[in-house]
Trainee: 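After the structure tokens below, expect a handful of questions from me.
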Amino acid sequence: MVQKFPWKLAWITGASGAICGELAKRLAAAGVTVAATARHADKLQALGGDKIRAYPADVLKADELKSCVTKIEKENGPIDLALLGAGMYAPFDIRNIDLDGFHKTMALNVDGVINGIAAVLPSMLERKSGQIAIMGSLFGYAGWPENGSYGASKAAVINLAESLKLELEGTGVALTLINPGFVDTPLNASYDPKKKLYVMSKERCARKILEKLGKKPYEIAFPPQVSIFLKTVRSLPRAISFPLIRAFTRRIR
């Protein structure tokens, strides 16, 4: 049975990536027109299907992204769903800190999100409708060894989402924060496999997201085992939470 969704037009950034590419294909298969954005047009074309339309742009270039949104809406009508999923992971080693990797991770994972919001939100506010979905991570809720770059960027995204949620109340625009755990993609292939808690496939991740996204919840977080553990750890006094995380990471080494 083909899944039904409440959107006519979805704009997806990072659409050449594993998770967002899978989301684009599933939405298109269900009849949603998908405006797919990434830097390289050839990777977008590879997604295939008449319902997926390529709009290459660099999410780090705010003016280019605004022009991209203007073109999308001129050619296809208003964007009902903006799914901002462009992101990257860089390894973090305290003995040899990759400053370039840290700065690039913060830029793409945080600046790329706010640039997308700045591009699409004004028209949504004007017509008092629309949904913005931001790709975060459960690992933005608590510090994790060897995850300094990625975790810090996703912590910023979570805080940004909380602020936006409060400000968007009553505007007609919904905000959804998507916080998956580890997903088996090239993005985090360099991360120690022993430390990937309850790792899932990109297909399962996309399915879990789309099961709930149309209901416009504030947060979609999974798998529950990881979500409960990290959110519980986050709420505990640091004198308890730090030893818990150290003990857990030692156990899985």
Trainee: Below 4.5 Å, heavy atoms only, C-beta onward: do F222 and C205 meet side chain to side chain?
Mentor: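 Yes. Closest side-chain heavy atoms under 4.5 Å.
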Trainee: Hey, are the side chains of I72 and V120 touching, using non-hydrogen atoms and a 4.5 Å cut-off?
Mentor: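 No, every pair of side-chain atoms sits at 4.5 Å or beyond.
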Trainee: Output, in order, the C-alpha distance, side-chain angles, deciding distance and verdict of side chain to side chain contact (heavy atoms under 4.5 Å, CB included) for E73 and S123.
Mentor: CA-CA 10 Å; E73 297 202 315; S123 61; 3.3 Å; yes
Trainee: Please set out all donor-acceptor pairs under 3.5 angstrom arising from side-chain atoms of residues 209-218, sequence neighbours excluded.
Mentor:
{"residue": "E211", "atom": "OE2", "partner": "R207", "partner atom": "NH1", "Å": "2.9"}

Trainee: Please check if L125 and L175 belong to a single hydrophobic cluster, counting links between Ile, Leu, Val, Met, Phe, Trp and Tyr side chain heavy atoms closer than 4.5 Å.
Mentor: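 Yes, L125 and L175 fall within the same hydrophobic cluster.
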Trainee: Please name the pair of heavy atoms, one in M88 and one in Y150, separated by the smallest distance, quoted to 0.1 Å.
Mentor: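 The pair with the smallest heavy-atom distance is O-CD1, 3.3 Å.
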Trainee: Report the C-alpha separation of V113 and I117 in whole Å, then their side-chain angles, then the decisive distance to 0.1 Å, and conclude whether the side chain to side chain contact (heavy atoms under 4.5 Å, CB included) test is met.
Mentor: CA-CA 6 Å; V113 167; I117 291 168; 3.8 Å; yes
Trainee: What donor-acceptor contacts under 3.5 angstrom involve side-chain atoms of residues 94-102, with partners at least two apart or in another chain?
Mentor:
{"residue": "D98", "atom": "OD1", "partner": "D100", "partner atom": "N", "Å": "3.4"}
{"residue": "D98", "atom": "OD1", "partner": "G101", "partner atom": "N", "Å": "2.8"}
{"residue": "D100", "atom": "OD2", "partner": "K104", "partner atom": "NZ", "Å": "3.1"}

Trainee: Taking the side chain as every heavy atom from C-beta outward, state whether F139 and V226 have any atom pair closer than 4.5 Å.
Mentor: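 Contact flag for F139/V226 side chains = yes.
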Trainee: Is any side-chain heavy atom of I12 closer than 4.5 Å to a side-chain heavy atom of L27?
Mentor: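 When only atoms from C-beta onward are counted, L27 and I12 do touch, with a gap below 4.5 Å.
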Trainee: May I ask you to check whether over 12 heavy atoms, not counting those of K71, lie within 6.0 Å of atom NZ?
Mentor: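 Counting other residues, nucleotides and ligands, NZ of K71 stays at 12 neighbours or fewer.
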Trainee: Is the NZ atom of K61 crowded by more than 12 outside heavy atoms at less than 6.0 Å?
Mentor: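 Incorrect, the count does not exceed 12.
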